[in-house]
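What you see is a predicted model; the values in this text were computed from it and never measured. Chain A is the first sequence line, chain B the second, and so forth, proteins listed ahead of strands; every chain is numbered from 1.
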Amino acid sequence: MIPITTIERLANHVGETVTLRGWVHNKSSKGKLHFVQLRDGSGYVQCVVFKGDVSEELFEAIGHAGQESSLVLTGLVKAEPRAPGGFEIGVKAGDVLQKVEGFPITPKEHGPDFLLSHRHLWLRSKRPWAVMRIRDCVISAIRRFYDEQGFVCVDSPIFTPAACEGTSTLFEVNYFDDEKAYLTQSGQLYAEATAMALGKVYCFGPTFRAEKSKTRRHLTEFWMLEPEIAYATLDDVMQNAEELLCYVVKSVLERRQTELEVLERDLTKLHSITAPFPRLSYDDAHALLEKAAPGQHKYGDDFGAPDETILSNAYDRPVMVHRYPKEVKAFYMKRDAADPTKALCVDVLAPEGIGEIIGGSQREDDLELLLGRIKEHQLPEEAFAWYLDLRRYGSVPHGGFGLGLERTVAWICGLEHVREASPFPRMMYRIYP
RNA sequence: UCCCCGAUAGCUCAAUGGUAGAGCAUGCGGCUGUUAACCGCAGGGUUGUAGGUUCGAGCCCUACUCGGGGAGCCA
């Protein structure tokens with residue numbers, strides 16, 4: 001009985017005859033010899049078909065099988081230095097399930113519009129393959145990290161009755177009677193409720209922003225991880241974020257080396273991601289900017305994209321900027337007792353121009369102060385009644401953060417644009433496929 | 001919402017206002033070590049849409065549509 005295996009596991013089968021099931025990634029023929037670059041989802045391997053080794057029919061069929069033809073091949077696994085990847089299959093038998101002609105995505109250059117319109121097929125290319133496998137590794141590392149620390153995954157709802165922060169543009173859903181509903185823009189408020197119930201929690205799910213943003217850092221729909229920790233201070237939140245990022249990067253380096261090579265990622269940049277990350281107060285960050293680009297940043301304003309670029313380029317690892325002026329931050333953030341003009345918040349800026357990958361804070365835990373802010377921001381008080389209950393019954397210091405999955409993956413993979421970090425990216429002018 | 005850029009063969013692009021081209025892909029043929037193979041032959045076009053200027057528009061002008069990059073805002 002010939003074992004069926006995957007390309008990923010070929011190293012365990014050298015010298016054996018195995019069966020692989022996959023697709024033609026590329027092919028070049030040299031008379032009585034076909035080189036088939038086979039892909040099966042787990043990897044890529046070269047299969048060599050000599051005319052004398054297989055039936056006349058199979059040799060002909062493989063000769064006419066274009067890119068993405070589906071086929072099953074059986075052959076001897078050899079270590080072969082001349083082959084890409086180091087292994088090669090000496091094909092003895094097989095079957096072409098479907099012969100394909102004219103697969104649109106050829107091994108040549110393509111523009112972003114064409115590729116995005118063919119995303120369902122583009123995913124079969126090597127780059128997306130590597131990115132999706134790293135994305136998966138990031139997700140599982142995140143879950144493992146929190147699982148090991150005793151966090152409970154409790155997901156927040158996607159439909160919400162009101163805006164979380166009251167500022168962003170939301171997607172309206174017309175379904176619920178007599179009441180407007182929206183797609184969530186953050187699961188945080190609900191995570192605060194579950195943190196009061198279960199202690200240490202996180203939610204991890206899709207998030208929607210209807211902002212008319214058109215940059216390489218923006219998606220209309222993206223995945224966000226939001227841990228929330230009861231009895232945590234801002235320092236605890238920063239430490240947790242730092243540990244998480246180190247754990248995730250280490251995990252990718254250990255488990256996805258081949259994929260990082262496919263992406264030609266500079267590994268030294270990932271190896272330097274170790275604790276401690278630089279911690280910079282807003283005031284220090286402003287001073288740094290004044291020195292680097294005098295007059296560019298106005299004290300009191302939030303940092304713009306050019307400011308963030310300067311700040312992140314100053315370090316070889318993510319930089320944590322904390323204690324922003326309260327005016328530029330959300331209503332639910334607690335004030336710094338040492339300086340009431342500042343909020344106890346932190347933004348983590350990834351290196352290499354990806355920008356903010358984490359935004360977090362210690363939350364306001366005082367009922368009266370929180371109520372005052374809701375009024376100040378002219379938010380609908382009724383919609384926040386349940387949220388205020390959390391400060392009415394056993395309020396404690398607590399905090400958490402939100403991590404943008406696609407931005408994190410884009411940073412780790414060294415991608416130009418976050419859209420490549422999403423299997424089917426949704427953007428302002430793109431909903432297909 | 002604002003600023004900048006683009007749209008020509010399936011793809012990536014070229015074409016001084018004067019016969020619309022190349023490479024790749026596709027099909028057929030050749031080749032026993034290819035790595036985006038190579039060689040030969042073949043098919044492939046309402047130049048995004050609508051209007052205008054001109055003897056003549058892929059090229060100049062106007063509007064629109066679609067897309068890309070960036071700003072603001074954010075993860």
Side-chain angles (χ1 to χ4, degrees), chain A residues 25-37 44-53 59 63-64 66-68 80-85 88 90 100-118 121-122 125-126 164-165 167-169 184-188 204 206-226 241 301-309 328-330 346-350 353-360 401-411 416-419 421-422 427-430 432:
Chain A
H25 179 62
N26 201 0
K27 195 189 66 186
S28 70
S29 295
K30 228 184 161 321
K32 299 186 173 65
L33 171 63
H34 299 308
F35 291 102
V36 177
Q37 308 298 332
Y44 296 78
V45 71
Q46 172 160 284
C47 302
V48 185
V49 189
F50 283 107
K51 192 167 187 177
D53 291 353
F59 190 82
H64 290 97
Q67 200 186 340
E68 291 306 319
E80 171 56 71
R82 283 178 296 183
E88 186 173 275
V100 170
E101 279 173 25
F103 186 71
I105 301 176
T106 60
K108 293 287 169 186
E109 283 173 29
H110 298 285
D113 180 42
F114 177 79
L115 288 173
L116 288 165
S117 297
H118 293 80
L121 302 177
W122 183 25
S125 300
K126 223 164 185 171
C164 167
E165 307 188 12
T167 50
S168 283
T169 320
T184 185
Q185 159 219 37
S186 165
Q188 180 205 311
F204 197 179
T207 304
F208 308 88
R209 302 276 165 94
E211 302 282 354
K212 298 289 185 195
S213 290
K214 259 184 77 172
T215 80
R216 65 197 186 88
R217 297 180 300 278
H218 285 90
L219 292 173
T220 299
E221 173 185 327
F222 64 96
W223 278 61
M224 186 154 67
L225 161 80
E226 299 183 276
D301 284 359
D302 202 351
F303 298 121
D307 302 322
E308 289 186 354
T309 302
V328 303
K329 288 293 176 182
V346 60
D347 281 4
V348 180
L349 310 177
I354 289 295
E356 186 182 344
I357 53 170
I358 284 179
F401 62 84
L403 172 139
L405 177 68
E406 285 78 8
R407 283 190 185 175
T408 304
V409 172
W411 160 54
E416 261 307 298
H417 200 301
V418 282
R419 66 187 165 207
S422 170
M427 288 168 296
M428 205 171 135
Y429 294 122
R430 198 170 280 282
Y432 180 89

Partner residues of A:H25 under the side-chain hydrogen bond (donor to acceptor under 3.5 Å, both in side chains) criterion, sequence neighbours left out: none
Closest heavy-atom contact between A:W411 and A:A350? CG-CB, 3.9 Å
To the nearest 0.5 Å, what is the distance between NE2 (A:H417) and CG (A:L219)? 7.5 Å
List in chain and number order the residues that pass side chain to side chain contact (heavy atoms under 4.5 Å, CB included) with A:D307, two or more places apart in sequence or in another chain; answer none if no residue qualifies. A:L289, A:Q296, A:H297, A:F303
Not counting sequence neighbours, which residues clear ring-ring contact (aromatic ring centres under 6.0 Å, His included) with A:F50? List them please. none
Euclidean distance, atom CG of residue A:L121 to atom P of B:G10 [Å, nearest integer]: 17 Å
Is there a donor N/O on one and an acceptor N/O on the other, under 3.5 Å, for the side chain of A:H218 and the base of B:C74? yes
What residues form a side chain to side chain contact (heavy atoms under 4.5 Å, CB included) with A:P112, not counting sequence neighbours? A:R419
Salt bridge (charged side-chain N to carboxylate O under 4.0 Å, His left out) involving A:K329 - partner list, sequence neighbours excluded: A:D347
Applying salt bridge (charged side-chain N to carboxylate O under 4.0 Å, His left out) to A:D53 and not counting sequence neighbours gives none
Test of understanding: with side-chain hydrogen bond (donor to acceptor under 3.5 Å, both in side chains), list the residues that count as partners of A:E221, not counting sequence neighbours. none
Whole-Å distance separating the CG atom of A:D307 from the C1' atom of B:C73: 14 Å
When you compare B:U53 with B:C61, how far apart are their C1' atoms, in angstrom units rounded to a whole number? 7 Å
Read 5' to 3' with Watson-Crick or G-U pairs under 3.5 Å, [ ] for crossing pairs and | for partners on another strand, RNA chain B gives (((((((..((((....[..)))).(((((.......))))).....(((((..]....))))))))))))....
Could you give the distance separating B:C59 and B:G23 at their P atoms, to the nearest angstrom? 25 Å
Using atom CD of A:E416 as one end and atom P of B:G69 as the other, report the distance to the nearest whole Å. 10 Å
Quantified in whole Å, what is the P atom distance between nucleotide B:G58 and nucleotide B:A15? 15 Å
When the P atoms of B:C28 and B:U47 are considered, how many whole Å apart are they? 30 Å
Atom CD of A:Q37 to atom P of B:U34: distance rounded to whole Å? 12 Å
Could you check how far CD of A:E88 sits from P of B:U32, rounded to whole Å? 17 Å
Give me the distances for all protein-to-nucleotides 4-9 of chain B N/O pairs that come in under 3.5 Å?
none

Among residues at least two apart in sequence or on other chains, which ones pass salt bridge (charged side-chain N to carboxylate O under 4.0 Å, His left out) with A:E406? A:R135
Is it the case that the base of B:G72 and the side chain of A:K212 share a donor-acceptor contact (distance under 3.5 Å, atom types as modelled)? no
What pairs with A:R217 under salt bridge (charged side-chain N to carboxylate O under 4.0 Å, His left out), at least two apart in sequence or on another chain? none
Taking the same atom, P, in B:U49 and in B:U65, what whole-Å distance lies between them? 15 Å
Protein within reach of the bases, or only the backbone? For nucleotides 20-31 of chain B, mark each nucleotide 5' to 3' as B, S or -, using heavy atoms under 4.0 Å. ----SS-SS--B
